[in-house]
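I have a structure I would like to understand better, so I am pasting it below and will then ask my questions one at a time.
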Amino acid sequence: MNETLQEIQSSSFGIEKLLYYLQKHESPGFQAFLANKLYDYPISQVSDYLPQLVNISIQREDYGAFTKYFMDSALKDHNLALKLYWVLQANLQDNFAKYSEKLSFMLASLEKVIVNGHTDEEKVVVPKHLFELSITENDQEKHYRKSVRADYFTEQHKIAFSLAKASVALIKVKEDKRLSMLKHYIDQINNRLKEIRHWYCNETTSEYTKRLFRGIVIPIGEPLEQVVRILSSESKYYKTKARVPYRVVVETVNMEEDEPNIETNYTVEGTGLEELEEDLGEIPDKNEERFKGMKECINSLEECSEEASETESIEENVWGEDWNATYQRLMGNSPFGHFKSWNIRCFIVKGRDDLRQELLAMQVIKKAQEIFKQENLELYLRPYDILVVSGNSGFIECVPNALSIDFIKKSNKSYRNLTKFFENAFAIGFEEAQKNFVESMAAYSLLCYLLNLKDRHNGNILLDSQGRIIHIDFGFFLTNSPGKNMDFETAPFKLTKEMIDIMGGYQGEMFIYYKVLMYQGLLALRKNYEELTLLVEMMLPGEALPCFHDPFRAAREFRSRLHLNKNEDECLEVIETLIKKSAENKKTRKYDTFQKVSNGIL
């Protein structure tokens, strides 16, 4: 134990090692000591492990030190406060009685922090929680600043949950009416943003409140980005069997930028969220008991894991409008375009979908990307932000300038063969695009194998405008697979003939490069195995996550796929074997045929 304490107190002690000991040692005193060490690391770094820390804390007999750290960090970082609140709420919805008391206590404490600015109501309220702005003698709000923040927190939830509920409401809408109804919903939610902005913008309102209610925070992207507009014109829905996720584009500005709002001739089209409430159910009013009914508004959501495919016809230019061009076009038409911090964000809104499992897979992918970069390897992964809003809804960052292979193949009959499309689309700069393809294929092949990722149909694999492959939708990995674990897909990863042809065939230089990259990548992941296995093992037993259908087998097999007991020469044989098993695998072809017949996915 003394050696452990000396190691922990050394300056080179990384956060992963600290988390390892938090998981390993259950002694209350040592846990409290370790939880206090979390203060030594930037909040942004700790935030990457938020689900794991919550999971560990609720399993400990004495969770006071964890709670104090969470509350102190939430006081300093609004994004972490929101993410933590929603993660706690999602876990509470799982109805595990043995943890409900702890989760309820944490939620109540966190609400005090977010609303009061402090965990102790008797202490002076300091408005530093959202942004620094001192209270002056002439500040007419200093006596009810707490109420202002309470209203703001409530409005954030109203809008976030209204966006999620719109995804659910679209399920009951006929397909030919869905796009117009989606735009109607988005317009109503955007009207609510306008209403609160102009309601709190008057002569008697302080600068603090005016700036606060300029927009709401959805913690995807940079810290304290306020969503000031939600653009119905840029929205579109995606079609799946059981649900209707949709894309939404929002305009953001940084909360700390002090610029006047130049919206003029303001009128509210409709009555804000009132019409939406009629369609989607009641949304808590700010005068009601705060957050009452917040769980009820999403109780009807059910879990689902099929990914979306586009419903609109593709443009003649297969990639459509470049994201940079979209940025310039929208900035020119925006009343907020003059803000130096103005930006746009695009994300997928999902109802009837528990994104906590997707978040775990993305944590592993993000960590693998960091490892490849640290080892100076030419392996490409594209992590994206995932925000859990509840136990069955959330937001996923869109990957710009990328389309699913299924969508590409449907856009033109001549593109049914991906190799022909690739040669066509990248006639200029083919070698560069081919290299990008290989580097991304090698990285995702490794991660698909490591995660035991399934349901790899062409609706779940993107190709971007630079030729890179990007995998999405992580509904099936570790110990769960489609068809109630029927093991339809037996290949370690998807490696079809057309993918091999793009890489120049089995004897091509680029295919050899693909093998070399996979070998280098496996060695790098093995070298940093503790950082990867920690993400999975800290989530055990994972009762609510389907990927932990058999939790301890899931963790054991995840570790075994890193082949820690083999030397480097044997690892080369592992890569050769994995590629041989995956290349033109019969079960992969049969699964693609099944998806084509049953779901129309090419």
Side-chain angles (χ1 to χ4, degrees), residues 14-17 19-20 23 45-56 83 87 305 307 354-375 377 379-388 394 396-397 399 440-456 460-461 469-481 492-494 518 521-542 544-564 578:
I15 189 170
E16 288 84 6
K17 203 72 175 177
L19 296 173
Y20 168 78
Q23 180 204 10
Q45 191 176 9
V46 179
S47 182
D48 289 340
Y49 298 92
L50 196 57
Q52 282 79 8
L53 284 169
V54 168
N55 188 55
I56 287 291
K83 289 180 179 179
V87 166
S305 58
E307 186 51 51
D354 186 347
L355 297 186
R356 286 175 290 175
Q357 178 169 285
E358 294 237 357
L359 179 57
L360 173 59
M362 194 51 59
Q363 286 179 303
V364 174
I365 289 173
K366 183 179 179 182
K367 179 56 65 177
Q369 181 208 33
E370 291 173 3
I371 291 169
F372 294 153
K373 186 175 181 180
Q374 173 185 310
E375 299 293 327
L377 297 178
L379 285 155
Y380 178 87
L381 294 168
R382 176 47 167 95
Y384 47 81
D385 288 335
I386 296 176
L387 178 64
V388 172
I396 297 179
E397 176 196 1
V399 179
S440 59
M441 273 292 299
Y444 277 104
S445 295
L446 277 173
L447 266 294
C448 286
Y449 167 64
L450 180 60
L451 288 168
N452 195 34
L453 186 61
K454 302 304 179 185
D455 198 29
R456 292 303 87 199
N460 288 340
I461 305 175
I469 285 288
I470 301 166
H471 282 254
I472 61 172
D473 190 351
F474 305 96
F476 297 99
F477 68 102
L478 295 182
T479 54
N480 73 315
S481 60
F493 45 85
K494 187 167 189 174
M518 284 195 65
L522 178 59
L523 295 184
L525 296 178
R526 279 161 38 99
K527 180 180 175 182
N528 300 273
Y529 75 94
E530 287 184 336
E531 298 178 30
L532 293 163
T533 56
L534 187 68
L535 290 166
V536 173
E537 292 171 0
M538 283 188 75
M539 291 302 293
L540 296 176
L545 303 184
C547 62
F548 290 118
H549 170 71
D550 186 340
F552 296 100
R553 178 169 69 88
R556 183 177 66 252
E557 291 181 354
F558 180 84
R559 179 182 284 263
S560 71
R561 285 190 287 272
L562 288 164
H563 299 281
L564 301 176
L578 292 176

Contact summary for Cys547 and Gln357, nearest pair of heavy atoms: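 Answer, listing the atom of Cys547 first, then Gln357: N-OE1, 2.6 Å.
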Check: Lys367 and Leu534 side chains under 4.5 Å, non-hydrogen atoms: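 In short, these two side chains do not touch, never coming nearer than 4.5 Å.
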Nearest-0.5 Å distance, CD1 of residue Ile469 to CG of residue Leu381: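 If we round to the nearest 0.5 Å, Ile469:CD1 and Leu381:CG are 12.5 Å apart.
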Spatial distance of atom OH (Tyr449) from atom CE (Met518) [nearest 0.5 Å]: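 The CE atom of Met518 is 9.0 Å from OH of Tyr449, to the nearest 0.5 Å.
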OH/Tyr384: more than 12 non-hydrogen atoms of other groups inside 6.0 Å: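 Yes, the 6.0 Å shell around OH holds more than 12 heavy atoms from other groups.
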Polar side-chain atom of Arg526 near backbone of His563 as donor-acceptor pair, under 3.5 Å: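 Side chain of Arg526 to backbone of His563, a donor-acceptor pair under 3.5 Å: yes, one is there.
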Sub-4.5 Å side-chain heavy-atom contact between Lys83 and Leu387: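 Yes, at least one pair of side-chain atoms sits under 4.5 Å.
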Shortest non-hydrogen contact between Leu453 and Phe476, atoms and distance: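 Here Leu453 and Phe476 meet closest at CD1-O, 3.4 Å.
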Over all atoms of both residues, closest heavy-atom pair of Met539 and Leu535: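 Met539 and Leu535 have their closest heavy atoms at CG-O, 3.5 Å.
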Donor-acceptor contact below 3.5 Å, side chain Tyr444 vs main chain Arg382: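 At least one qualifying donor-acceptor pair exists.
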Short side-chain to backbone donor-acceptor contact, Thr479 and Ala554, under 3.5 Å: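 Checking the backbone N and O of Ala554 against the side chain of Thr479, no donor-acceptor pair under 3.5 Å is found.
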side-chain contact (heavy atoms from CB on, under 4.5 Å) between Gln52 and Leu360, worked out: CA-CA 9 Å; Gln52 282 79 8; Leu360 173 59; 3.8 Å; yes
Where Arg561 and Leu451 come nearest, the two heavy atoms and their spacing: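 Nearest pair, atom of Arg561 first, then Leu451: NH2-C, 4.0 Å.
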Inter-residue atom distance Leu447.CG - Phe477.CZ, 0.5 Å rounding: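 These two atoms lie 11.0 Å from each other.
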Close side-chain approach of Glu358 to Asp473, heavy-atom, < 4.5 Å: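 Contact flag for Glu358/Asp473 side chains = yes.
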Asp455 side chain to Gly475 backbone, donor-acceptor under 3.5 Å: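 Not at all, since once roles are kept as given, no pair shorter than 3.5 Å links the two residues.
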From CA spacing to verdict: side-chain contact (heavy atoms from CB on, under 4.5 Å), Ile365, Phe474: CA-CA 11 Å; Ile365 289 173; Phe474 305 96; 3.5 Å; yes
Pro51 to Gln363 - nearest heavy-atom pair and separation: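 Looks like CD-NE2, 3.9 Å.
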Steps toward side-chain contact (heavy atoms from CB on, under 4.5 Å) verdict (Ile15, Leu19): CA-CA 6 Å; Ile15 189 170; Leu19 296 173; 4.2 Å; yes
Leu545 side, atom CG; Leu540 side, atom CG - distance, nearest 0.5 Å: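 Output value for this atom pair is 10.0 Å.
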Taking every non-hydrogen atom, the tightest pair across Arg356 and Val388: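 Smallest interatomic distance, heavy atoms only, reads CG-CG2, 3.8 Å.
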Distance, nearest 0.5 Å, that separates CD of Glu375 from CD of Glu370: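 If I round to the nearest 0.5 Å, the distance is 12.5 Å.
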Donor-acceptor contact present, side-chain Gln369 to main-chain Pro383, <3.5 Å: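 No, Gln369 side chain to Pro383 backbone: no donor-acceptor pair under 3.5 Å.
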Heavy-atom donor-acceptor pair, Lys454 side chain to Ser481 backbone, under 3.5 Å: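 A pair under 3.5 Å: no.
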Donor on one side chain, acceptor on other, Glu16 and Tyr49, under 3.5 Å: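 Distance-only check passes for Glu16 and Tyr49.
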Distance (rounded to the nearest 0.5 Å) between Ile371 CD1 and Leu379 CG: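 CG of Leu379 is found 11.5 Å from CD1 of Ile371.
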Any Asn452 side-chain heavy atom under 4.5 Å of Phe558 side chain: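 No, every pair of side-chain atoms sits at 4.5 Å or beyond.
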